[in-house]
**Student:** 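The structure is given below, and queries will be raised subsequently.
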Amino acid sequence: MKSVLIANRGEIALRIVRACHEEGLEAVAVYSAADRTASYVRAADRAIAIGPAPAAQSYLVIDRLIEAAAAGGADAVHPGYGFLAERAPFAEAVERAGLTWIGPPPSAIRAMGDKTEARRRMAAAGVPIVPGANAPVADANAALALARQLGLPVMVKAAAGGGGKGMRVVRTEAELAGALAAAASEAGKAFGDPAVYLEKFIVTPRHVEIQILADGTRTVHLGERECSVQRRHQKLVEEAPSVALTPALRAAMGAAAVAAGQAVGYRGAGTCEFLLGADGAFHFLEMNTRIQVEHPVTELTYGIDLVREQLRIARGLPMRVAEGALEPRGWAIECRITSEDPANGFLPSTGRIEYLRVPSGPGVRWDSAVDVGDEITLYYDSLLAKLIVWAPNRPQAIERMARALEELILVGVATNQGFHRRLFADPAFKAGAIDIQFLDRRTDLLEPAADPRLERDFLIAAALAEQEARHTRRPAVGDGTAEASAAWARQARLDALR
Ligand code: MV4
């Protein structure tokens, strides 16, 4: 392997460029028309245009990417996350073209992509799954019988699903038929497969995931990431370790994740998602067969570069992970800085980045590919940057993140920075009292509180600024009307007399 095509964009593309260069590999970027001048493109050794801005015509076109690998002289493909990363047909097309796929075997992607198949394989491997069915619902009567057996509330889930689409909570028997139909219809539209199945609904769990790494000889786990702070299935903050895990629970969940990987012949970096109940019981949810957005918090607590290890494993080299049980060191937290406006219902905002001051200093990492001058559009997801900190313990990591969030200045596009600032000052968050419903209860953190004192200060500042401006302002450039021209002429005479 000498040269890697990066079939992705943005911060993860830049992250992979950096890993390639440290491994002594060349990096080939691909870019859509919207990303022609992006910093990840400039950081790569070569760059190949793959089409217009919409991802469906560029980053999602398998043939274009295979052609780009040939054009750029790449002999391997790294998919990053999102886009084609978990599409078995893409992995197969890469291998058919004689290129090295930097990811798990297509068979492992397929096994984990089908949720009922994954449940059957996990149950057989002794991985605790959520109580429920391991095959799609046949009809409404069978579903009712199963719901009674499991006990309400239950959840209807898409067999081909993941990430929250095609899911319904059912709290009463009367709701079941409607939920089945709604979930099936949504699943059909989203995944092209209307099959759904039932699970017991776990109330107020934490979302804890385990990172694994497998090199064909060994499969190891690298502890957990706590991802409970999320809104509508979008994670906003991730940390490692989790306050909810003891070393014994970490070992048990780690062993389950390793067994899950081994059951599907996994290779490379992967993540098992679990629901962790308040009682310490954990249930396998699904496996993400890719590098994840939040991988840096594991890198910082385990001292392992996951992307470099992915590259090594794909080259047939052993991973550089010590034998025996590994332990996390210190505490790492990541904030996802997105171009979403909390004051506007978290809708994606657009604009040009006018000014950017990047936080730095002790224990601070900034994974981003946005620069001053970049245009933020609606073509791609809203992640602008990942702000990651490391400190010896959780209280210090929180202090460090609060400090880094004060340093960050990003002007030109609305972001969720204010939300993060409020979160890192919040007593409940500081106490680690989080679960997947945390932000449903704490809508006060999502929107800035209207502060009457602040409003008064703003009004005074605006009045002072206006007063100052009246003494110094020059006539505005007019629209060509006589009045505006006269004002300029008057000003010119005034200037000449001074
Ligand atoms: C669940 C659940 C409760 N009980 N399954 C959401 C996305 C998909 N990966 C699975 N999800 C859930 N499955 C049972 N049986 C609650 C969720 C869930 C969730 C899980 C992880 C992180 C955030 C979440 C937010 C809402 C619901």
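Whatever order the structure lists ligands and atoms in, that order sets their numbers, starting from 1. Every heavy atom of this structure was used, including side-chain atoms; hydrogens, water molecules and symmetry mates were not.
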**Student:** Between the protein and ligand 1, which nitrogen or oxygen pairs come in under 3.5 Å, and how far apart is each?
**Tutor:**
unit_1: ligand 1; atom_1: 4 (N); unit_2: Ile202; atom_2: N; d: 2.9
unit_1: ligand 1; atom_1: 5 (N); unit_2: Lys157; atom_2: NZ; d: 2.9
unit_1: ligand 1; atom_1: 9 (N); unit_2: Glu286; atom_2: OE1; d: 3.0
unit_1: ligand 1; atom_1: 13 (N); unit_2: Lys157; atom_2: NZ; d: 3.0
unit_1: ligand 1; atom_1: 15 (N); unit_2: Glu199; atom_2: OE1; d: 2.9
unit_1: ligand 1; atom_1: 15 (N); unit_2: Lys200; atom_2: O; d: 2.6

**Student:** State plainly whether the residues Arg336 and Glu238 are in salt-bridge range, i.e. N to O under 4.0 Å.
**Tutor:**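 Yes, Arg336 and Glu238 are salt-bridged.
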**Student:** Going by atom type alone, with no hydrogens or angles, which donor-acceptor pairs under 3.5 Å involve a side-chain atom of residues 273-283 and a protein atom two or more places apart or on another chain?
**Tutor:**
unit_1: Glu273; atom_1: OE2; unit_2: Asn288; atom_2: ND2; d: 2.8
unit_1: Asp279; atom_1: OD1; unit_2: Ala281; atom_2: N; d: 3.0

**Student:** Assess, by modelled atom type and distance only, whether the side chains of Glu224 and Ser242 contain a donor and an acceptor separated by less than 3.5 Å.
**Tutor:**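 No, no side-chain donor-acceptor contact under 3.5 Å.
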**Student:** Do the side chains of Glu399 and Arg403 get close enough for a salt bridge, i.e. N-O under 4.0 angstrom?
**Tutor:**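 Salt bridge between Glu399 and Arg403, a charged N being under 4.0 Å from a carboxylate O: no.
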**Student:** Please report, to 0.1 Å, the donor-acceptor pairs under 3.5 Å made by any side chain of residues 88-96, with sequence neighbours excluded.
**Tutor:**
unit_1: Glu92; atom_1: OE1; unit_2: Arg110; atom_2: NH2; d: 3.3
unit_1: Glu92; atom_1: OE2; unit_2: Arg110; atom_2: NH1; d: 2.6

**Student:** Can you list the residues that meet the side-chain hydrogen bond (donor to acceptor under 3.5 Å, both in side chains) rule with Arg365, with sequence neighbours excluded?
**Tutor:**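 Expected list: Glu299, Asp367.
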